[in-house]
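Only one structure is covered here, and it is reproduced in the block below.
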Amino acid sequence: MIDAYTDHDDYMDDEDDDTTEEWQPGECDNCYGGDENGVTATGALGPLYCACRIGQGADAENCRCGPPTDSDA
């Protein structure tokens with residue numbers, strides 16, 4: 001018999017792995033820059049913002065937001 005609680009614990013342990021590629025505060029989120037307010041999209045919970053444009057991402061010299069360039073490929 002499969003113990004659902006144990007399987008859930010294993011799943012949660014995987015999320016704690018340091019190899020996850022999720023955005024962290026202070027990092028550039030590589031958005032496309034957004035509109036004049038930094039809004040990149042509007043979802044069911046409201047607008048999504050470009051982290052660098054609203055001060056939660058990288059500083060200006062480390063921000064890579066904008067359309068992809070040939071060097072990004």
Side-chain angles (χ1 to χ4, degrees):
M1 181 165 124
I2 296 174
D3 182 357
Y5 183 76
T6 302
D7 289 341
H8 179 71
D9 283 346
D10 290 342
Y11 172 75
M12 295 303 290
D13 289 343
D14 292 342
E15 287 186 10
D16 292 336
D17 188 4
D18 289 335
T19 61
T20 58
E21 301 266 340
E22 293 184 23
W23 174 83
Q24 298 293 315
E27 295 177 345
C28 180
D29 60 356
N30 297 310
C31 71
Y32 290 119
D35 64 12
E36 64 276 356
N37 297 315
V39 176
T40 59
T42 301
L45 299 176
L48 301 174
Y49 295 92
C50 177
C52 297
R53 295 272 312 266
I54 64 170
Q56 294 180 352
D59 56 20
E61 65 186 39
N62 294 312
C63 181
R64 297 178 305 276
C65 294
T69 63
D70 291 336
S71 64
D72 291 336

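These figures come from a predicted structure and were not determined experimentally.
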Quiz item: Do you know which two heavy atoms are closest between Ala58 and Cys28, and how far apart they sit?
Solution: CB-N, 3.6 Å

Practice problem: Quick one: closest heavy-atom pair of Asn37 and Asp35, and the distance? | Solution: N-OD1, 2.8 Å

Exercise. Tell me if the SG of Cys50 lies under 2.5 Å from the SG of Cys31.
Key: yes

Quiz prompt | Joint hydrophobic cluster, Ile54 plus Val39, side-chain heavy atoms closer than 4.5 Å | solution = yes

Practice problem: Provide the closest heavy-atom pair for Asp29 versus Ala51 in the form atom of the first, atom of the second, distance. | Solution: OD2-N, 3.0 Å

Quiz item: Rounded to the nearest 0.5 Å, how far does SG of Cys52 lie from CD of Glu27?
Solution: 10.0 Å

Quiz item: Closest approach of Arg53 and Glu36, non-hydrogen atoms and distance?
Solution: NH2-O, 3.0 Å

